[in-house]
Engineer: 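Starting off with a structure, shown below.
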Amino acid sequence: MSTPYPFTALVGQDDLRLGLLLNAVSPAVGGVLVRGEKGTAKSTAVRALAALMPEVSVVPGCRFSCAPDAPDPACPDGPHESGSGVSRAARTVELPVGASEDRLVGALDIERALAEGVKAFEPGLLADAHRGILYVDEVNLLHDHLVDLLLDAAAMGASYVEREGVSVRHAARFLLVGTMNPEEGELRPQLLDRFGLTVEVAASRETDLRVEVVRRRLAYDDDPAGFAAQWADEEGALRARIVAARALLPQVRLGDGALRQIAATCAAFEVDGMRADIVMARTATALAAWAGRSDVLAEDVRQAALLALPHRRRRNPFDAPGLDEDKLDDTLEQNSGEDDDPDPDGPGGGGRPPEGDGPDTPPQGEGGADDTPAQSVPEQGGEKEQGQPGGGSGEQQPVRAGEPFRTKMLSVPGLGEGAAGRRSRARTEHGRTTGARRPQGALTKLHLAATVQAAAPHQRARGRSGRGLVVRRDDLRQAVREGREGNLVLFVVDASGSMAARQRMTAVKGAVLSLLMDAYQRRDKVGLITFRGKDAEVVLPPTSSVDAAAARLEMLPTGGRTPVAAGLLKAHDVLRVERLRDPSRRPLLVVVTDGRATGGPEPVALAARAARLHEVEGTASVVVDCESGPVRLGLAVSLAGELGGTAVTLDELRADSIAGLVKDVQGYSRRAA
């Protein structure tokens, strides 16, 4: 096993280190989510934490890490008698993003269970992580069915495996740590709320700190063991401080004044539910213990709020996480308690990690949430086309999007086999059972009725005696299930002068923003193409980050001619490349335009050519008709007909519109033709 990078050798990233250390002191805090750009030592810090965790005592030979003084009465390896145990290091178990359900929760040998009546159970990662750390890198990319299992285990402290009447349960209490890059997509709100704390990390912009990071990393890569030995004393001191804080934790007093500040802060920031209050209370208590104090101070409550509330106060998927610190300070001051504050001076005063984690530690600088750079937006519209004929206006300043609304359901017709999601019908590992087939590889979902039907005709030939059913491997049948998949939703948005001249861009941006919110909820990938002037531009290549698409949309300028064909041809190029990268993910093309093709040579002919290309690719299409006014040319409807897809007005796009319920793209294609 390779030598991990020492935790005390990390440079900067104070909030990241503090969040991890507080969970080491008090696992009841509920874990930590680390959000930040790539290359900011997120994974390195989490893996380094394992070496600092105190050892755990377990029952010898128990695969489920039962505590010898209080063994789990339902342990599959039990029953255990209370007694002495053996000590071992706390485990850090990594959950791969592409792991199967069986790998996470464990697997039953269905063939032996049916034929022999034996509960042969192979533990999964949840059993390995019990009383340790469960680490999920790129947690925002985790499949929905694995997220559901994590939520269940985190809520109940146990994992259940049930297959056709055969059931196994074991304890699964672990410290959940996740890392993610927000540019690759956001996290489901249910799982987001399960993380006790969240920290934002970013690379320092200070030259000296960056130099020190590179110097230490190169030294570690050249000689991992030697580098770790240089930091052994600092690691030992930090480990001893964690043990001391754990011992002090039960003696820490959370007074009524601090409780009132916690409740008032959660109410002021309008967080949902009561979990935030509980997490803040546990975090403030852990901060006091970490500082070597037996009383919780206002500064502990403030730091706890900065760690526990930012990810809970978001009102929609596109709000940036964060906390108004001025409002926080005002709330704490208005609700200051009556408790007598003890002397705040003590080890690690203020609840911050110890200064000087090792020799030659540079001054601590950037690395907190406030250092996260704003989402960069590519420069828009290289050409300068002021007042071009037929465009209606020159380039305009970006306008804000209108108020988002709930959109109707748009789905791709047919049955796909793409990534799990919530938009279109697909064959999936989870969902309702629609049939049975012979298993291809390991059996995962048994279809009991089909298995019995396959085995029944052969019972006499197999010499069956008694009431048991003689089942062989050839009789086993895999359940075929149907669920929902996520799609690639590619937006092609008209940003020409005709859209701005009629003051429709606010409504158009509001509609696209609403569709982006819908894509976020349905776990889609999204891409954004705009066309204006002479050409089309891929503003955002297909990505899982719906937030990034919303940011690009907000900065979108308008002006110039309307090269519809260029936008469609650019979409075709993007879809062709994406089909090679991810052939199982089916695309949905959403064209937002009034249909006026005024730019480029022979726009109508090129539009028809683009439509034929999309038809060959089998792409489902929706045209959002932005035409307004008493006289309508119906050009967007004609374009939808050429694409073999749907035409829907901005009003019809609303879920509460009286125009009727949108079932899928195929249902609209007849009307658009």
Engineer: Is a donor on one side and an acceptor on the other found under 3.5 Å between the side chain of Ser26 and the backbone of Asn23?
Structural biologist: no
Engineer: Excluding sequence neighbours, so at least two apart, what forms side chain to side chain donor-acceptor pair (under 3.5 Å) with Asp221?
Structural biologist: Arg217
Engineer: Are Asp475 and Thr451 close enough that a side-chain donor and a side-chain acceptor fall under 3.5 Å?
Structural biologist: no
Engineer: Between Leu197 and Leu33, is any pair of side-chain heavy atoms under 4.5 Å apart?
Structural biologist: no
Engineer: Determine the sole option in Asp137, Val201, Val177 for which the side-chain contact (heavy atoms from CB on, under 4.5 Å) test with Lys42 is passed.
Structural biologist: Val201
Engineer: Do Leu568 and His572 have side chains that approach each other closer than 4.5 Å (heavy atoms only, starting at C-beta)?
Structural biologist: no
Engineer: Evaluate side chain to side chain contact (heavy atoms under 4.5 Å, CB included) for Val590 paired with Val489, printing each intermediate quantity in order.
Structural biologist: CA-CA 7 Å; Val590 179; Val489 183; 3.9 Å; yes
Engineer: Looking only at non-hydrogen atoms, find the nearest pair between Pro71 and Cys66 and report the distance.
Structural biologist: CA-CB, 4.2 Å
Engineer: Check whether any side-chain heavy atom of Val648 sits under 4.5 Å from a side-chain heavy atom of Val623, and report yes or no.
Structural biologist: no
Engineer: For a side chain to side chain contact (heavy atoms under 4.5 Å, CB included) check, start with the C-alpha distance between Arg585 and Glu578, then their side-chain angles and the critical distance, and finish with the verdict.
Structural biologist: CA-CA 9 Å; Arg585 189 181 289 269; Glu578 285 301 308; over 6 Å; no
Engineer: I would like to know whether Arg406 and Asp518 meet salt bridge (Lys or Arg N to Asp or Glu O under 4.0 Å); could you show each step before the answer?
Structural biologist: CA-CA 7 Å; Arg406 189 168 64 89; Asp518 183 67; over 6 Å; no
Engineer: Give a yes or no answer on whether the side chain of Arg477 reaches the backbone of Ala449 with a donor-acceptor pair at less than 3.5 Å.
Structural biologist: no
Engineer: Rounded to the nearest 0.5 Å, how far apart are CE of Met180 and CG of Leu142?
Structural biologist: 12.0 Å
Engineer: Which heavy-atom pair separates Val526 from Ala549 by the least distance, and what is that distance?
Structural biologist: CG2-CB, 4.0 Å
Engineer: Would you say Leu150 and Leu134 make side-chain contact, with heavy atoms under 4.5 Å?
Structural biologist: yes
Engineer: Are the side chains of Leu104 and Leu126 in contact, using a 4.5 Å heavy-atom criterion?
Structural biologist: yes
Engineer: Hey, does the side chain of Arg173 reach the backbone of Ala158 with a donor-acceptor pair shorter than 3.5 angstrom?
Structural biologist: no
Engineer: So, using ring pair (Phe, Tyr, Trp, His ring centres under 6.0 Å) as the criterion, who are the partners of His130 when residues are at least two apart?
Structural biologist: none
Engineer: Quick one: does Arg552's side chain have a donor or acceptor within less than 3.5 Å of a partner on Leu540's backbone?
Structural biologist: no
Engineer: Does a side-chain heavy-atom distance below 4.5 Å link Met409 with Arg522?
Structural biologist: yes
Engineer: State the CG-OG distance between Leu588 and Ser411, to the nearest 0.5 angstrom.
Structural biologist: 8.0 Å
Engineer: So how far is it from Phe7 CZ to Arg47 CZ, rounded to the nearest 0.5 Å?
Structural biologist: 14.0 Å
Engineer: Working note: Asp72 + Phe64, criterion side chain to side chain contact (heavy atoms under 4.5 Å, CB included); need CA distance, chi angles, decisive distance, verdict.
Structural biologist: CA-CA 9 Å; Asp72 181 7; Phe64 302 87; over 6 Å; no
Engineer: Before you tell me yes or no, could you show the steps for Leu653 and Lys408 under side chain to side chain contact (heavy atoms under 4.5 Å, CB included), namely the whole-Å CA-CA distance, both residues' side-chain angles and the distance that decides it to 0.1 Å?
Structural biologist: CA-CA 6 Å; Leu653 194 61; Lys408 290 180 178 178; 5.7 Å; no
Engineer: Are the side chain of Arg312 and the backbone N or O of Ala308 linked by a donor-acceptor pair below 3.5 Å?
Structural biologist: yes
Engineer: Can you name the residues that form a ring pair (Phe, Tyr, Trp, His ring centres under 6.0 Å) with Tyr5, not counting sequence neighbours?
Structural biologist: Tyr220, Phe227
Engineer: Working to the nearest 0.5 angstrom, can you tell me the gap between His458 NE2 and Arg460 CZ?
Structural biologist: 13.5 Å
Engineer: Between Ile133 and Met53, is any pair of side-chain heavy atoms under 4.5 Å apart?
Structural biologist: yes
Engineer: Quick one: are Val622 and Val591 in side-chain contact, heavy atoms under 4.5 Å?
Structural biologist: no
Engineer: Is it the case that the side chains of Arg88 and Ser65 hold a donor-acceptor pair, with the cut-off being a distance below 3.5 Å and no angle test?
Structural biologist: yes
Engineer: Which atom names give the shortest non-hydrogen contact between Val56 and Ala89, and what distance separates them?
Structural biologist: CG2-O, 4.5 Å
Engineer: For the residue pair Pro542 and Leu488, what are the closest heavy atoms and their distance?
Structural biologist: CB-CD1, 3.7 Å
Engineer: Taking all non-hydrogen atoms of both residues into account, name the closest pair between Val86 and Pro60 and its distance.
Structural biologist: CG1-CG, 4.0 Å
Engineer: To the nearest 0.5 Å, how far apart are CZ in Phe174 and CG in Leu95?
Structural biologist: 9.5 Å
Engineer: Of all the heavy-atom pairs spanning Leu513 and Ala550, show the shortest one and how long it is.
Structural biologist: CD1-CB, 4.0 Å
Engineer: Quick one: CZ on Arg579 to OG on Ser584, what's the gap to the nearest 0.5 Å?
Structural biologist: 10.5 Å
Engineer: Stepwise, does the salt bridge (Lys or Arg N to Asp or Glu O under 4.0 Å) test hold for Glu482 with Arg425?
Structural biologist: CA-CA 7 Å; Glu482 181 179 311; Arg425 294 174 55 219; 2.8 Å; yes
